[in-house]
Amino acid sequence: MISPDKHNRMANAIRFLAMDAVEKANSGHPGMPMGCADVATVLFTRFLSFDPKNPLWPDRDRFVLSAGHGSMLLYALLYLTGYEDMTIEDIKQFRQMGAKTAGHPEYGHASGIETTTGPLGQGVANAVGMAIAEKKLSTEFGSDLQSHYTYALVGDGCLMEGISQEAISLAGHLKLNKLIVLWDNNGISIDGAISLADSTDQHARFRASGWNTLAVDGHNPEEIAAALETARKSDKPTMIACKTVIGFGAPNKAGTHKVHGSPLGAEEIAAARKALGWEEEPFVVPADVLDAWRLAGLRSTKTRKDWEERLASSDAEKRAEFTRRFAGDLPGSFDGAIDAYKKKLAETKPTVATRKASEDALEVINGVLTETVGGSADLTGSNNTKTSQTKSITPDDFSGRYIHYGIREHGMAAAMNGIALHGGLIPYSGGFLIFSDYCRPSIRLAALMGIRVIHVLTHDSIGLGEDGPTHQPVEQMAALRAIPNLLMFRPADATETAECWQVALENKHRPSGLALTRQNLIAARTEYEEKNLSAYGAYELVSASDAKVSIFASGSEVEIALKAQAALAAKGVPARVVSVPCFELFFEQPEAYRKAIIGNAPVKIGVEAAIRQGWDSIIGSDGIFIGMKSFGASGPYKELYQHFGITPEAVVTAAEAKLA
Ligand SMILES: Cc1ncc(C[n+]2csc(CCOP(=O)(O)OP(=O)(O)O)c2C)c(N)n1
């Protein structure tokens with residue numbers, strides 16, 4: 001039992017570490033950690049099940065600091081509770097180059113940082129994904145191996161962002177009763193009082209979305225503890241509104257926006273030291289307080305050991321599967337299954353839309369990988385993401401492997417990040433490529449974090465036809481290719497689709513997107529090739545000695561390139577075709593390979609039913625690009641290709657004109 005006085009001193013340790021670190025860096029956000037110190041102290045000393053000596057213990061509770069600007073709160077907690085890779089030196093290096101204690105919490109910088117936060121609203125949506133993963137894995141492996149809570153600390157900003165509504169309504173619908181959101185209800189954001197911009201009844205909003213709601217004085221430890229006790233027993237997710245004072249302890253600035261994102265200044269910090277009775281020098285935590293925190297860090301050791309015993313004594317097959325899946329390794333049978341499938345495709349040479357080819361590949365993949373969890377943002381029949389193995393997950397039955405995310409692209413992508421971060425599962429989604437714009441911030445964070453989420457993005461060009469320009473991606477491929485560390489695939493046929501899926505799944509530390517067609521495509525690859533050619537990013541599909549023309553194309557336009565090549569050959573113009581399923585992988589190849597693939601034909605032509613941006617790196621600024629220069633139009637797709645001049649004839653004419 002922690003006495004009220006000890007609680008206060010433990011919370012004050014967080015406050016002063018935050019104040020002093022922000023002051024030293026001359027940059028950062030002291031207000032939130034100071035305001036939330038009591039809530040965090042109660043959570044970490046009495047409830048959170050975690051083990052700083054085993055930070056990746058799969059059944060630990062997850063804690064997400066959704067209000068990522070309050071990063072010093074998390075860093076202080078990690079240091080105080082005894083995470084070995086968070087020292088007082090790291091705290092002193094807050095916000096400096098190369099420091100683990102970056103401006104906002106960054107996944108992978110130090111253990112105990114469960115996700116990268118800072119873009120408001122993302123964290124709470126990640127937490128929803130983590131809670132989904134827990135419920136799913138608990139159903140699959142049993143509560144003796146998976147049974148933990150997920151806590152998210154959110155600010156007013158997180159709740160104002162639209163993504164939070166998508167996340168909250170999904171969590172309420174799925175009855176994620178082990179998800180507990182602590183709202184830092186301090187009534188302040190950067191511009192001043194929240195009332196300047198918002199008058200939402202947050203409790204009413206959460207209740208309308210299927211949540212349980214509670215309210216406490218966020219500076220009263222017993223009230224906070226009682227609410228957490230109640231929340232943990234709920235059959236719904238719970239939101240606890242914690243009324244706090246931003247910058248609590250700063251005598252003149254507390255309760256105002258002045259403490260949100262600026263150093264308090266030496267004078268105010270000295271006044272806070274006086275007001276809170278804290279005599280220590282900056283970055284010094286009194287021994288009795290540090291001891292109490294370190295003891296709190298040891299609280300769950302026995303729980304973790306008991307869990308390890310349960311794992312050790314569980315059925316050998318189940319244990320091996322659980323361990324493999326949390327290591328993120330694919331089963332040994334995976335490559336063989338893809339290979340056999342590629343052999344079959346080489347024989348059948350199907351003419352098929354790549355969205356359907358993706359479904360067929362997934363049928364093989366989901367048969368050998370138990371960890372994939374599919375889904376779609378209400379476009380299941382269009383995205384072809386559901387296979388015979390993936391029964392729907394419902395609020396009362398998580399034995400399925402398919403999530404109906406509803407029309408919530410952004411929430412879906414952020415929840416997928418949470419699922420991947422949780423471990424044990426590989427999430428893949430379904431959506432239209434055009435609406436990648438709706439989930440771009442979460443895709444970007446997946447790339448920044450280096451996590452394996454896979455987005456199936458169908459209806460990838462004017463080839464979708466009649467739905468028209470609102471639905472026809474033009475700039476989305478270029479925009480997605482612009483995100484570092486994201487693998488954007490645009491396969492040309494069923495074989496490439498299978499290969500792209502293989503690469504996406506094998507990349508543990510990168511997210512992927514697969515841009516897939518609605519319209520049928522002929523088989524570009526007609527021979528079985530053991531090597532995964534798509535893994536090179538670009539490869540020669542048709543060669544020609546002394547080629548005068550090199551035609552580079554991706555996805556559906558490979559068919560156009562092949563037809564143009566044949567027409568040129570018939571006219572005695574030697575031409576080659578290079579399929580480019582993935583820019584990023586191609587640019588990562590050794591220079592010699594890139595040079596050989598780009599070749600030295602005098603005419604280089606890129607064909608893609610999208611904008612030119614990015615293609616110059618392959619065709620050169622003097623290359624010819626056959627693609628889109630404007631938005632699309634509504635009409636049958638073959639007419640659209642004619643209308644926009646993306647045809648084999650256009651390629652031939654352009655090549656001949658340049659050669660003349
Ligand atoms: C998506 C997004 N928009 C804007 C910001 C910039 N920003 C950081 S904190 C903040 C205000 C947040 O207010 P609140 O959640 O109440 O935090 P508090 O003032 O209580 O610390 C803003 C606008 C951001 N980090 N993310």
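Atoms within a ligand are numbered from 1 in the order they appear, just like the ligands themselves.
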- Message: I want to check a possible cation-pi pair here: Arg481 against Phe489, using under 6.0 Å from ring centre and within 45° of the ring axis as the test.
- Response: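 No, Arg481 does not lie over the aromatic ring of Phe489.
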With heavy atoms only and a cut-off of under 4.0 Å, state how [X] meets ligand 1: side chain, backbone, both or neither.
{"X": "Asp156", "value": "both"}
{"X": "Ser189", "value": "both"}
{"X": "His257", "value": "neither"}

Measure across [X] and [Y] and return the closest heavy-atom pair with its distance rounded to 0.1 Å.
{"X": "Ala125", "Y": "Ala414", "result": "CB-CB, 3.4 Å"}
{"X": "Asp38", "Y": "Ala11", "result": "OD1-CB, 3.4 Å"}
{"X": "His148", "Y": "Arg60", "result": "CG-O, 3.1 Å"}
{"X": "Ser71", "Y": "His104", "result": "CB-CA, 4.0 Å"}

- Message: Checking the N or O distance criterion of under 3.5 Å, is ligand 1 in contact with Ile190?
- Response: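 No, Ile190 has no N/O under 3.5 Å of an N/O on ligand 1.
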- Do any nitrogen or oxygen atoms of Ile188 come within less than 3.5 Å of a nitrogen or oxygen of ligand 1?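 In this structure, Ile188 places an N or O atom under 3.5 Å from an N or O of ligand 1.
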Using a strict 4.0 Å threshold on nitrogen-to-oxygen distance, state whether [X] and [Y] make a salt bridge.
{"X": "Asp460", "Y": "Arg490", "value": "yes"}
{"X": "Arg46", "Y": "Glu222", "value": "yes"}
{"X": "Arg273", "Y": "Asp20", "value": "yes"}

Taking [atom] as the reference point, the nearest protein heavy atom with its distance:
{"atom": "atom 17 (O) of ligand 1", "value": "His69 NE2, 3.2 Å"}
{"atom": "atom 18 (P) of ligand 1", "value": "His260 ND1, 3.4 Å"}
{"atom": "atom 20 (O) of ligand 1", "value": "Asn186 ND2, 2.6 Å"}
{"atom": "atom 14 (P) of ligand 1", "value": "Gly157 N, 3.6 Å"}
{"atom": "atom 26 (N) of ligand 1", "value": "Leu120 N, 3.1 Å"}
{"atom": "atom 1 (C) of ligand 1", "value": "Glu161 OE2, 3.1 Å"}

- Verify atom 6 (C) of ligand 1: protein non-hydrogen atom under 4.0 angstrom away: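 Protein heavy atoms within 4.0 Å of atom 6 (C) of ligand 1 - there are none.
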- Message: Yes or no: does Ala67 have any heavy atom under 4.0 Å from an atom of ligand 1?
- Response: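 No, Ala67 has no heavy atoms under 4.0 Å from ligand 1.
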- Does Gly118 come within less than 4.0 Å of ligand 1, judged by its heavy atoms?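 Heavy atoms of Gly118 do come under 4.0 Å of ligand 1.
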So if I count the atoms of ligand 1 from 1 in the order they appear, which ones are less than 4.0 Å from some heavy atom of [X]?
{"X": "Pro119", "value": "26 (N)"}
{"X": "Gly155", "value": "15 (O)"}
{"X": "Met32", "value": "21 (O)"}
{"X": "Ile246", "value": "18 (P), 19 (O), 20 (O), 21 (O)"}

- Message: As a test of understanding, state which of Phe44, Phe50, Tyr151 forms a ring-ring contact (aromatic ring centres under 6.0 Å, His included) with Phe63.
- Response: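 Of the listed options, the one satisfying the test is Phe44.
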- Message: Pairing donors with acceptors under 3.5 angstrom, does anything connect the side chains of Thr458 and Asn383?
- Response: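 Per modelled atom types, Thr458 and Asn383 side chains form a pair under 3.5 Å.
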- Query: Just by distance, with hydrogens left out, do Ser27 and Arg95 show a side-chain donor and acceptor under 3.5 Å apart?
  - Reply: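 A donor-acceptor contact under 3.5 Å links the two side chains.
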